[in-house]
There are 2 protein chains.
Amino acid sequence: MTVSKTAEKSSEKPGDAAKGRKDAAEAQPEALQLGELSEQLGYVLKRAQLKVFENFLRCMASLQLTPAQFSVLLLVEKNPGRNQTEIASTLGILRPNFVAMLDNLESRDLCARIRSTNDRRSHILVLTDKGKAVLTRAKKLVATKHESRLNELLGQANREALLEMLSKIANEF
Amino acid sequence: MTVSKTAEKSSEKPGDAAKGRKDAAEAQPEALQLGELSEQLGYVLKRAQLKVFENFLRCMASLQLTPAQFSVLLLVEKNPGRNQTEIASTLGILRPNFVAMLDNLESRDLCARIRSTNDRRSHILVLTDKGKAVLTRAKKLVATKHESRLNELLGQANREALLEMLSKIANEF
DNA sequence: GATAATTGTTATGGACCATATCAAATATCG
DNA sequence: CGATATTTGATATGGTCCATAACAATTATC
């Protein structure tokens with residue numbers, strides 16, 4: 001089911017008509033049959049996810065935010081006063097792996113760690129002013145350039161149905 | 001948007017009632033607000049994909065097949081006489097990374113490389129008898145234990161609609 | 001006050017992905 | 001034909017992400 005992020009090499013010249021013929025001495029490449037693969041949930045899900053992330057990165061190129069970083073900023077904004085463990089765990093990120101991520105966001109002055117006075121072990125996470133501004137711009141980019149494509153592609157009703165089904169899978173599968 | 005594969009540590013004791021209270025001196029953990037995150041296509045898509053892969057691996061534990069390996073076997077079965085480059089590229093796997101994967105399948109006698117007589121550079125891929133038998137069993141496991149869950153969860157009609165929407169995203173996003 | 005648990009952190013290894021490069025074989029073209 | 005370019009499978013290598021063990025500092029527990 002694996003699908004890499006490689007851009008298809010596109011060695012096909014769209015000008016040539018008559019594709020798929022076999023009798024001529026041409027012996028064209030002849031595309032493979034996906035068969036049952038296109039009905040496999042995991043396969044289609046993975047391919048879709050890669051495409052969506054790819055598009056997300058393009059839309060956010062000006063802000064240099066990955067999907068993971070965007071999710072951290074969103075969650076910190078919505079949940080002020082939480083520490084690293086809490087933010088990381090609700091995102092499914094392991095604490096050790098969250099450290100470098102925060103180092104990055106902090107070095108770019110998007111997010112700050114503050115020693116908690118209640119529990120001096122933990123670091124309270126907050127967005128900096130720049131972080132808030134960047135997040136605001138990021139949200140607009142995502143809404144206008146990224147999520148909007150879903151509506152164009154599926155329509156509003158289907159888009160909502162899709163999100164709901166995916167959430168159900170994520171929570172109950 | 002990142003979501004790791006970590007199993008939630010489940011430090012919650014389901015026996016305790018009265019969750020989410022705040023007035024008592026207990027000061028419970030209080031779950032974070034996902035906010036707009038739960039509406040982000042990429043976030044939900046990734047979480048769903050991880051859950052599906054996780055379930056797939058559990059269902060295939062007896063056969064020790066990953067989603068990627070299963071997809072290779074499926075594609076080789078459906079397209080006999082193709083070489084490594086063709087199989088790998090249609091799966092989005094880069095040729096260099098496909099080598100180790102085939103080494104694995106071949107060492108387990110599920111798949112074989114055969115030097116082509118037409119073009120002695122290329123290796124024709126075929127399933128061994130054992131590979132065919134394993135694939136047959138794998139298909140049954142996937143159908144009865146894995147894909148069937150989708151029907152239970154969404155219903156037949158919704159399941160088909162989901163697959164179609166995901167394919168659309170994978171192909172046209 | 002001794003022991004256990006938690007928080008952030010480092011180190012480390014594995015899985016997956018991507019690029020450059022190579023030898024062998026084939027294709028192309030003068 | 002023969003020189004050059006291309007293709008195929010393969011190796012080496014680096015990057016990113018994910019997972020576990022271990023540690024010091026701090027706090028909780030008894």
Side-chain angles (χ1 to χ4, degrees), chain A residues 1-9 11 25-27 29 42 46-47 49-50 53-54 57 64 66-69 71-72 81-89 91-106 111-125, chain B residues 1-9 11 25-27 29 42 46-47 49-50 53-54 57 64-69 71-72 81-106 111-125:
Chain A
M1 283 183 182
T2 297
V3 175
S4 86
K5 300 151 195 162
T6 319
E8 319 275 316
K9 213 178 178 187
S11 60
E26 277 278 355
K46 178 93 186 187
R47 283 197 94 99
Q49 184 259 313
L50 288 175
F53 269 44
E54 196 181 310
L57 288 174
Q64 285 289 304
T66 68
Q69 292 167 338
S71 70
V72 170
R82 299 307 189 123
N83 63 24
Q84 296 184 198
T85 297
E86 291 171 313
I87 298 292
S89 79
L91 287 176
I93 303 174
L94 295 174
R95 271 85 35 136
N97 299 329
F98 196 47
V99 174
M101 217 176 142
L102 270 187
D103 288 347
N104 180 349
L105 293 177
E106 205 172 21
C111 177
R113 301 184 233 222
I114 302 179
R115 287 233 94 98
S116 167
T117 53
N118 303 333
D119 185 341
R120 293 181 34 233
R121 290 170 297 186
S122 57
H123 289 166
I124 297 308
L125 298 183
Chain B
M1 284 183 180
T2 297
V3 175
S4 86
K5 301 153 195 162
T6 319
E8 318 276 316
K9 212 178 176 187
S11 59
E26 277 278 357
K46 177 94 185 186
R47 283 197 95 99
Q49 184 258 312
L50 287 176
F53 268 44
E54 196 181 312
L57 289 174
Q64 284 290 304
L65 282 183
T66 67
Q69 291 167 339
S71 70
V72 170
R82 299 306 189 123
N83 63 23
Q84 296 184 198
T85 298
E86 292 171 312
I87 298 291
S89 78
T90 72
L91 287 176
I93 303 174
L94 295 175
R95 271 85 31 134
N97 299 329
F98 196 48
V99 174
M101 217 176 141
L102 270 187
D103 288 347
N104 181 347
L105 294 176
E106 204 172 23
C111 178
R113 302 183 232 223
I114 302 179
R115 288 233 93 98
S116 169
T117 53
N118 304 332
D119 186 341
R120 293 180 36 233
R121 291 170 296 186
S122 57
H123 289 164
I124 297 307
L125 297 183

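Heavy-atom basis, side chains included; hydrogens, waters and symmetry copies ignored. A note on names: the letters A, B, ... follow the listed sequences, proteins ahead of strands, and every chain is numbered from 1. No experiment lies behind these values; they were computed from the predicted model shown.
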Roughly, in whole Å, what's the span from CG in B:L50 to P in D:dA19? 8 Å
B:V99 side-chain proximity, nearest of C:dG8, C:dA11, D:dA10: D:dA10
Euclidean distance, atom CZ of residue B:F98 to atom C1' of C:dC16 [Å, nearest integer]: 15 Å
Reading DNA chain D from 5' onward, which residue's closest nucleotide shows up sooner: B:N97 or B:R115? B:R115
Grab the CG-C1' distance between B:D103 and D:dT11 for me, whole Å please. 11 Å
Between B:I93 (CD1) and C:dA18 (P), how many Å, whole number? 11 Å
The nucleotide from D:dA19, C:dA20, D:dG9 with an atom nearest the side chain of A:L94 is D:dA19
Nearest listed nucleotide, side chain of A:R113, among C:dG8, D:dT11, C:dT9: C:dT9
Note: B:G81 and B:I124 closest approach over all heavy atoms is O-CD1, 3.2 Å
For B:R95 and C:dA20, is the shortest distance between a side-chain N/O and OP1 or OP2 below 4.0 Å? no
Spacing between B:Q49 atom CD and C:dC16 atom C1', to the nearest angstrom: 12 Å
Kindly give the atom pairs (protein nitrogen or oxygen, nucleotide nitrogen or oxygen) under 3.5 Å for nucleotides 27-30 of chain D.
from, atom 1, to, atom 2, distance (Å)
D:dT27, OP1, A:R120, N, 2.9

Rounded to the Å, how far apart are A:L91 CG and D:dC17 C1'? 15 Å
It should be established whether B:T85 places a side-chain nitrogen or oxygen under 4.0 Å from OP1 or OP2 of nucleotide D:dG9. yes
So which heavy atom on A:T66 is nearest to which on A:L57, and how close? CA-CD2, 3.9 Å
Just to verify, what does A:R121 make a side chain to side chain donor-acceptor pair (under 3.5 Å) with, not counting sequence neighbours? A:D119
Mind listing the N/O atom pairs, protein and nucleotides 13-15 of chain C, below 3.5 Å?
none

Can you name the closest pair of heavy atoms from A:I93 and A:M101 and give their distance? CD1-SD, 3.9 Å
Tightest non-hydrogen contact, residues A:R47 and B:T90, listed as NH1-O, 3.6 Å
Taking B:I87's backbone N and O only, do any of them form a donor-acceptor pair with B:R82's side chain (distance below 3.5 Å, no angle check)? no
Would you mind reading off the distance between A:M101 atom CE and D:dC18 atom P, rounded to a whole angstrom? 9 Å
Smallest heavy-atom separation, A:K46 atom then B:F53 atom, equals CD-CZ, 3.9 Å
Run the numbers on A:N83 and A:L125 for side-chain contact (heavy atoms from CB on, under 4.5 Å), then give the verdict. CA-CA 6 Å; A:N83 63 24; A:L125 298 183; over 6 Å; no
Among residues at least two apart in sequence or on other chains, which ones pass side chain to side chain donor-acceptor pair (under 3.5 Å) with A:D103? A:R113
In whole angstrom, give the distance that lies between atom CZ of B:R82 and atom P of D:dT8. 12 Å
